[in-house]
There are 2 protein chains.
Amino acid sequence: MVDMSTKKSRLTVADVASAANVSKATAARVLGGYGLASETARKAVLEAAERLGYQPNDLARSMSTGRSGLIGVVVGDIENAFFSLAVRGISDTARAAGLNVIISNSSEQITEEREMVSVLLRQRVAGLIVAPTDARQLDHLKSAITSGVPVVTLDRWSPDLPADAVCGDDRASAISVLQHLQGAGHRHVAYVTAMTSRSGRLAAPEDVGISAVRERIEGFLAASDQAGIPPPRQMVFTNATDDAATGRIVDKVLAESPRITALLASDSLVGARLFRALTNRGVRLPRDMSLVSWFDADWTRVTSPQISVVDQPTYLFGQRAAERLIRRLKGDTTEPLRLLIPTPLIDRGTVGPAPRCL
Amino acid sequence: MVDMSTKKSRLTVADVASAANVSKATAARVLGGYGLASETARKAVLEAAERLGYQPNDLARSMSTGRSGLIGVVVGDIENAFFSLAVRGISDTARAAGLNVIISNSSEQITEEREMVSVLLRQRVAGLIVAPTDARQLDHLKSAITSGVPVVTLDRWSPDLPADAVCGDDRASAISVLQHLQGAGHRHVAYVTAMTSRSGRLAAPEDVGISAVRERIEGFLAASDQAGIPPPRQMVFTNATDDAATGRIVDKVLAESPRITALLASDSLVGARLFRALTNRGVRLPRDMSLVSWFDADWTRVTSPQISVVDQPTYLFGQRAAERLIRRLKGDTTEPLRLLIPTPLIDRGTVGPAPRCL
DNA sequence: ACCAGATGTGACACCGGTATCATAAATAAA
DNA sequence: TTTATTTATGATACCGGTGTCACATCTGGT
């Protein structure tokens with residue numbers, strides 16, 4: 001906490017009131033836009049406020065009304081275009097409803113997420129929009145809800161949490177991606193994510209805290225099952241957090257047997273890293289390897305070939321999430337709603353026929 | 001069924017105090033971490049607070065102390081990686097100092113910027129970090145400063161504003177870019193920006209509100225002058241706000257005579273649009289046209305050839321800006337400082353020798 | 001044992017608004 | 001004209017913390 005400024009006491013309603021020769025109550029009514037006031041009083045007060053340069057103190061207002069015009073947002077990483085676009089959707093919608101937005105990063109770590117939620121609750125935000133980093137640790141969100149602060153989860157979801165959720169249809173899109181790949185002859189597909197884990201590999205979807213990723217993996221298993229392909233084991237590569245680590249993953253992928261013929265990138269950052277690692281190693285897309293990335297980032301249309309993507313309209317995610325939250329703030333107490341937003345596959349140029357296995 | 005209608009009277013220090021059998025004042029001292037308290041009292045209060053699940057109200061705290069733990073940030077567009085990276089730098093630094101961050105978008109429009117600044121001041125933010133959209137309209141920032149709220153400008157700067165500034169060294173980097181291009185034989189270079197203007201073309205740097213862009217143009221003029229090249233007229237193309245508009249600009253550029261042989265993109269979004277428009281039209285980089293983009297976005301290393309860029313380390317911009325602001329909040333009243341951060345040219349693959357003019 | 005200084009504690013005013021209520025003035029109804 | 005209603009206004013108690021101050025209690029020095 002830091003000293004706010006010089007002790008220069010800002011103007012208050014009382015100052016305006018005395019300048020306008022009315023009581024504090026009357027000035028407050030005029031300036032706050034509530035209650036009654038005669039035309040003469042109104043004019044006098046507004047004139048005085050204008051002349052003195054009065055600016056209301058929203059802190060004080062929030063204090064006495066009990067409602068704050070703030071909503072809190074906790075995302076994994078604003079730096080990621082996925083989230084910054086969603087945040088833009090949230091901000092635009094919130095602002096239109098007269099709400100301000102405080103944004104925090106969890107860095108996809110549960111301890112930071114807890115901390116940020118706690119800070120936001122202390123700021124008495126009216127509601128929260130959170131992309132929970134671990135679907136198995138939601139107690140902080142639950143207690144927010146029980147203490148009366150509505151929560152909307154973004155991109156992620158849990159049946160345990162009585163909150164609205166706005167998500168992509170991850171299971172369905174995963175299935176359609178895998179079916180599309182299977183149609184092109186791919187039988188061994190790996191999923192690469194920046195999620196961290198000890199071993200660098202994951203087999204069971206239960207081990208995945210981010211629900212969106214878990215659902216995709218479940219989708220793959222379902223699609224494999226349907227196609228009569230033995231469920232792939234340890235098909236998830238984790239820790240693709242930078243170019244170096246992603247390079248090592250690509251090396252492992254290329255050494256795998258039976259040969260992996262297609263890669264799925266969990267988000268556009270991972271997608272870009274994979275693309276760079278593959279092209280650096282002389283792997284040609286899509287001849288030697290197919291690639292599909294989640295999120296239609298800007299860069300996916302400057303490569304040649306252009307990247308095939310699962311298009312997640314996250315601005316819309318943000319809009320919808322803010323809209324749900326605003327409904328709740330207006331008193332809607334109906335059952336929590338899970339809003340599934342379609343995320344269609346846009347097959348540009350990086351899905352080709354599977355190379356023949358040896 | 002959850003009863004949402006319960007009046008959510010949150011816990012207060014008074015509640016904790018009575019549960020711990022001490023006075024409100026003592027409980028407040030313990031919980032607020034100020035003043036004196038005996039070990040027994042402290043333990044009783046903390047135990048009671050823990051048991052009841054007390055959470056302090058930062059609004060009330062800010063109200064009575066006069067200091068708020070919030071800083072306001074106004075950027076052109078969080079969606080733009082340039083700013084989202086800077087915002088991350090700001091957030092990380094601010095958080096480490098116990099400050100929270102409210103982020104707003106101005107959409108590079110002065111009316112919105114004014115509105116956002118006003119909203120933030122009403123929230124009684126302790127300080128502001130702003131990327132002012134028009135160096136000629138700064139009255140709202142000036143009045144913030146005179147009313148005691150310190151301001152740091154980000155990426156932009158004006159001699160009229162008594163505020164710290166953290167900027168790239170736009171003039172110098174523009175000169176070095178142009179000299180580099182001149183060394184490769186380029187004499188006719190166009191600058192393309194998403195800034196909007198009526199005519200679509202600009203000649204005079206005075207017409208440019210965004211100081212960073214103005215300084216670059218001044219740098220070009222200086223570099224041209226130095227090289228004995230007649231100062232280019234109307235070398236700035238505006239309104240490159242989307243792919244369609246950028247395509248039209250590229251058409252105009254290609255029709256220009258004498259032939260324009262190099263393009264400069266004002267930011268990475270414009271850069272991506274130019275790249276797409278050029279490759280769509282079959283223009284080969286760098287054989288037919290050279291391209292340099294400001295900001296080293298992720299996508300600049302997935303194209304072939306990779307894009308030559310002016311590297312603006314905006315995370316650092318954000319960090320430095322937050323650090324300056326925190327110093328001010330701690331009471332530093334020395335002269336405003338303008339911090340210039342080097343933005344070196346990274347010449348990857350899109351600068352080639354100028355094609356011979358006909 | 002006695003007083004100085006340090007330590008602990010509670011009562012209460014304050015921050016800048018909002019909201020309630022009683023009263024005063026203006027208007028309508030009887 | 002009198003009473004009932006509406007409209008306008010000011011006094012004042014909040015909201016949930018902080019911070020001042022007076023008083024009480026506990027040291028310790030001589």
Side-chain angles (χ1 to χ4, degrees), chain A residues 1-45 48-49 52-70 121-126 147-148, chain B residues 7-45 49 52-69 121-126 147-148:
Chain A
M1 201 69 75
V2 184
D3 195 345
M4 176 155 142
S5 65
T6 55
K7 53 199 282 176
K8 177 168 225 160
S9 53
R10 308 284 232 93
L11 292 170
T12 74
V13 278
D15 299 320
V16 176
S18 65
N21 277 319
V22 296
S23 72
K24 181 188 162 193
T26 300
R29 276 189 285 261
V30 172
L31 296 169
Y34 61 95
L36 297 166
S38 67
E39 205 44 50
T40 49
R42 159 165 284 106
K43 259 173 52 182
V45 169
L52 300 175
Y54 169 76
Q55 278 201 315
N57 183 335
D58 279 350
L59 250 57
R61 177 169 294 162
S62 302
M63 262 282 308
S64 63
T65 58
R67 51 180 160 268
S68 92
L70 291 173
L121 290 176
R122 287 208 291 272
Q123 292 285 344
R124 292 296 187 267
V125 292
S147 76
Chain B
K7 191 127 198 236
K8 49 176 167 193
S9 53
R10 308 287 231 92
L11 293 170
T12 74
V13 278
D15 300 319
V16 177
S18 65
N21 277 320
V22 295
S23 72
K24 182 187 160 193
T26 301
R29 275 190 285 262
V30 172
L31 295 169
Y34 62 95
L36 298 166
S38 66
E39 204 44 50
T40 49
R42 160 166 284 104
K43 259 174 50 183
V45 169
L52 300 175
Y54 169 77
Q55 278 201 317
N57 183 334
D58 278 350
L59 250 57
R61 180 169 293 164
S62 301
M63 261 283 307
S64 63
T65 58
R67 57 191 91 112
S68 96
L121 290 176
R122 286 207 293 269
Q123 293 284 345
R124 291 298 187 267
V125 292
S147 76

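Proteins come first, then strands; the chains are lettered A, B, ... in the order of their sequence lines, and each starts at number 1. Nothing here was measured: the structure is a model prediction, and the numbers come from that model.
- Here Y34(A) reaches the OP1 or OP2 of dT18(C): one of its side-chain N or O atoms lies under 4.0 Å away.
- The separation between M63(B) atom CE and dC15(C) atom C1' is 4 Å, rounded to whole Å.
- Looking at residues two or more places apart in sequence or on another chain, you find a side-chain contact (heavy atoms from CB on, under 4.5 Å) between A60(A) and N57(A), M63(B).
- L31(B) and Y54(B) make their closest contact through CD1-CE2, 3.7 Å (heavy atoms, listed as atom of the first residue, atom of the second, distance).
- Rounded to 10 degrees, the angle separating the terminal helix axes of the helix from dA1(C)-dT30(D) to dA26(C)-dT5(D), each built from five base pairs, is 50°.
- Side-chain contact between K43(A) and T40(A) is absent, with no heavy atoms from C-beta onward closer than 4.5 Å.
- To the nearest 0.5 Å, the span separating CZ on R61(B) from CG on D58(B) amounts to 5.5 Å.
- Of all heavy-atom pairs spanning V30(B) and A37(B), the tightest one is CG2-CB, 3.7 Å.
- Of the listed nucleotides (dT18(D), dT18(C), dG16(C)), dT18(D) has the atom at the smallest distance from the side chain of R61(B).
- Using a 4.0 Å heavy-atom criterion, one finds that R67(A) contacts the sugar-phosphate atoms exclusively.
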Reading nucleotides 6-14 of chain D 5' to 3', which nucleotides get B (base under 4.0 Å from a protein heavy atom), which S (sugar-phosphate only), which -? -SSBBB---
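- Here the CD atom belonging to Q123(A) is positioned 8.0 Å from the CG atom belonging to L59(A), to the nearest 0.5 angstrom.
- What separates CZ of R10(A) from C1' of dC15(C) is a distance of 14 Å, to the nearest Å.
- The separation between L31(A) atom CG and dG17(C) atom P is 8 Å, rounded to whole Å.
- In terms of phosphate contacts, Y54(A) brings a side-chain nitrogen or oxygen within less than 4.0 Å of OP1 or OP2 of dG17(C).
- Side-chain atoms of S68(A) come within 3.5 Å of backbone N or O of R124(A) as a donor-acceptor pair.
- T12(A) contributes atom OG1, which lies 13.5 Å from atom CD of Q55(A) (distance to the nearest 0.5 angstrom).
- Computed from coordinates, the Q123(A) CD to dG17(D) P distance equals 13 Å when rounded to whole Å.
- For the pair L59(A) CG and dG16(D) C1', the interatomic distance rounds to 12 Å; values are reported in whole Å.
- Side chains of S147(A) and R10(B) form a contact here, defined as non-hydrogen atoms less than 4.5 Å apart.
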